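The figures here come from the full heavy-atom set of this structure, side chains too, leaving out hydrogens, waters and symmetry mates. All chains are named by letter (A, B, ...) in the order of the sequence lines, taking the proteins before the strands, and each is independently numbered beginning at 1. Just so you know, these numbers come straight off a predicted model, no measurement behind them.
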Amino acid sequence: GESVGLHLPTLSVQEGDNSIINCAYSNSASDYFIWYKQESGKGPQFIIDIRSNMDKRQGQRVTVLLNKTVKHLSLQIAATQPGDSAVYFCAENGDNQGGKLIFGQGTELSVKP
Amino acid sequence: DAGVTQSPTHLIKTRGQQVTLRCSPKSGHDTVSWYQQALGQGPQFIFQYYEEEERQRGNFPDRFSGHQFPNYSSELNVNALLLGDSALYLCASSLLGTGNTEAFFGQGTRLTVV
């Protein structure tokens with residue numbers, strides 16, 4: 001069935017350390033993936049995306065890695081800050097026509113000062 | 001640019017009642033998608049509207065219906081509310097043809113059914 005899952009529901013890191021959040025997806029035909037950050041009481045906020053023809057993409061302090069062989073996605077946050085504390089979701093484009101996004105359950109990142 | 005705006009922000013309804021939630025898309029966007037997010041879960045796709053028509057639908061009962069207006073704004077209607085409908089309802093807007101690469105979410109409407 002359609003599903004995008006996360007390996008760990010919670011992650012606690014020390015401020016300044018690097019964070020790695022993992023995600024598994026089930027649809028090998030998926031061609032587009034997005035990471036969202038959701039703070040309490042707010043809607044999901046776009047962080048970074050990657051297409052299936054890439055295996056790595058970097059943004060400001062964030063890097064997304066895609067391993068299509070094992071259908072695995074990860075989000076790396078460098079020098080994690082208290083403001084990074086939130087729930088992080090990976091999402092998979094349900095089709096290539098701009099239709100539904102399929103979200104995982106989320107990983108809660110907690111940054112200790 | 002106000003981004004995606006949703007109203008109301010919070011709502012309390014009684015079981016069996018009907019509710020209407022509203023969404024204004026980001027300027028320049030023509031497609032609106034609705035998601036339901038239960039506590040501790042990821043958003044679940046309800047449906048998507050484009051050119052005032054339901055373009056795609058997720059696994060939700062007919063009690064969930066929607067509408068899109070000529071100005072691209074949208075409404076989500078839920079009839080015969082159940083306790084299990086309590087959730088955060090999110091609206092996302094995008095431009096069809098960009099493959100969700102420009103999808104932006106609103107802050108959501110927190111619906112509580114009692």
Side-chain angles (χ1 to χ4, degrees), chain A residues 1-10 21 23-27 29-54 57 59 64 73 75 86-108, chain B residues 2-7 9-10 21 23-26 29-51 53-60 66 87-110 112:
Chain A
E2 300 174 331
S3 67
V4 179
L6 294 170
H7 292 307
L8 297 172
T10 60
I21 301 172
C23 175
Y25 63 94
S26 59
N27 187 355
S30 295
D31 64 352
Y32 179 61
F33 305 88
I34 313 107
W35 280 100
Y36 286 95
K37 173 186 180 183
Q38 187 173 26
E39 297 173 283
S40 181
K42 297 184 178 181
Q45 177 187 359
F46 174 93
I47 302 173
I48 192 168
D49 59 2
I50 189 168
R51 293 207 170 273
S52 59
N53 60 354
M54 304 171 69
R57 191 167 187 219
V64 55
L73 197 66
L75 175 70
V87 177
Y88 289 81
F89 293 97
C90 64
E92 169 186 7
N93 210 15
D95 61 48
N96 60 5
Q97 302 300 317
K100 65 180 178 182
L101 291 171
I102 302 168
F103 284 81
Q105 192 169 8
T107 292
E108 182 173 8
Chain B
V4 180
T5 58
Q6 293 186 243
S7 63
T9 54
H10 296 83
L21 310 181
C23 172
S24 293
K26 187 179 187 301
H29 285 181
D30 58 8
T31 304
V32 173
S33 301
W34 287 93
Y35 292 81
Q36 179 194 67
Q37 186 176 23
L39 199 61
Q41 302 291 322
Q44 297 291 313
F45 177 79
I46 303 174
F47 42 53
Q48 184 182 76
Y49 276 83
Y50 171 71
E51 290 190 339
E53 297 287 334
E54 183 181 287
R55 179 175 174 270
Q56 196 174 66
R57 189 178 183 92
N59 188 25
F60 279 80
L88 180 68
Y89 288 85
L90 294 163
C91 169
S93 75
S94 58
L95 188 62
L96 197 70
T98 62
N100 271 320
T101 56
E102 296 288 337
F104 289 88
F105 282 84
Q107 299 286 63
T109 293
R110 172 69 63 188
T112 302

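With sequence neighbours excluded, the residues that form a side-chain hydrogen bond (donor to acceptor under 3.5 Å, both in side chains) with E54(B) are R57(B). Legend: residues meeting ring pair (Phe, Tyr, Trp, His ring centres under 6.0 Å) with Y89(B), ordered by chain and number and at least two apart, are absent.
Of the atoms belonging to Q45(A), not a single heavy atom falls under 4.5 Å from chain B. With a threshold of 4.5 angstrom between heavy atoms, I46(B) does not approach chain A through any atom at all. In this structure, no portion of Q6(B) lies under 4.5 Å from any heavy atom of chain A.
Contact between P44(A) and L90(B) at its shortest, heavy atoms only, is CD-CD1, 3.7 Å.
In this structure a side-chain-to-backbone donor-acceptor pair under 3.5 Å is missing from Y36(A) to F105(B).
Atom CG of N53(A) has more than 12 heavy atoms from other residues, nucleotides or ligands within 6.0 Å.
Considering NZ of K100(A) and CZ of R55(B), their distance stands at 12.0 Å, rounded to 0.5 Å.
Side-chain contact between P43(B) and F89(A) is present, with at least one heavy-atom pair separated by less than 4.5 Å.
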